[in-house]
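Note that the numbering runs from 1 along the sequence shown for the chain. Everything numeric here is computed off the predicted structure, so don't read it as measured data.
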Amino acid sequence: MKASKVAYKPVGLALGALSGVLAGGLFKQAWKTLGHDEDAPDATDEDRTWQEVLLAATLQGAIFAGVKAAVDRAGAAGTRRLTGTWPG
């Protein structure tokens with residue numbers, strides 16, 4: 001394994017944690033904006049409909065994937081600017 005990949009591992013882990021926190025906040029805001037309850041439903045919430053549970057899960061997955069990709073890409077691009085090599 002290249003030294004640049006090994007050196008990037010802690011940076012990637014920190015960016016992953018940051019993206020999770022950011023995505024969680026964005027999802028909460030999106031869920032509120034759509035006019036739903038304060039909290040998104042869990043799959044086992046008995047009082048929620050199938051449609052609401054699946055909508056929440058789909059929206060959450062899309063937001064998390066998009067934010068993770070953006071943060072990972074920005075981290076890799078920043079690493080290239082600093083070191084001259086792509087970490088992946």
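Of all heavy-atom pairs between V67 and S19, the closest is CG1-O, 3.5 Å. Counting all heavy atoms, side chain and backbone alike, A56 lies closest to F27 at O-CE1, 3.6 Å. Across all their heavy atoms, W86 and A76 have their closest contact at CZ2-CB, 3.5 Å. Between A40 and D45, the shortest heavy-atom contact is O-OD2, 4.5 Å.
Other residues sharing a hydrophobic cluster with V21 under the 4.5 Å side-chain heavy-atom criterion for ILVMFWY residues do not exist; the residue is a singleton. Grouped with W50 in one hydrophobic cluster are L54, the linkage being side-chain heavy-atom contacts under 4.5 Å among Ile, Leu, Val, Met, Phe, Trp and Tyr residues.
Not a single donor-acceptor pair under 3.5 Å links the side chain of D72 to the backbone N or O of A69.
No continuous path of ILVMFWY side-chain contacts below 4.5 Å connects L34 to F64, so the two sit in separate hydrophobic clusters. Residues I63 and V53 do not share a hydrophobic cluster, clusters being chains of Ile/Leu/Val/Met/Phe/Trp/Tyr side chains in contact below 4.5 Å.
Under the rule for a side-chain contact (heavy atoms from CB on, under 4.5 Å), the partners of L55 that lie at least two apart in sequence or sit in another chain are W31, H36.
The CG atom of D39 lies 7.5 Å from the CZ atom of R48; values are rounded to the nearest 0.5 Å. Remark: L22 CG to L15 CG distance equals 11.5 Å, nearest 0.5 Å.
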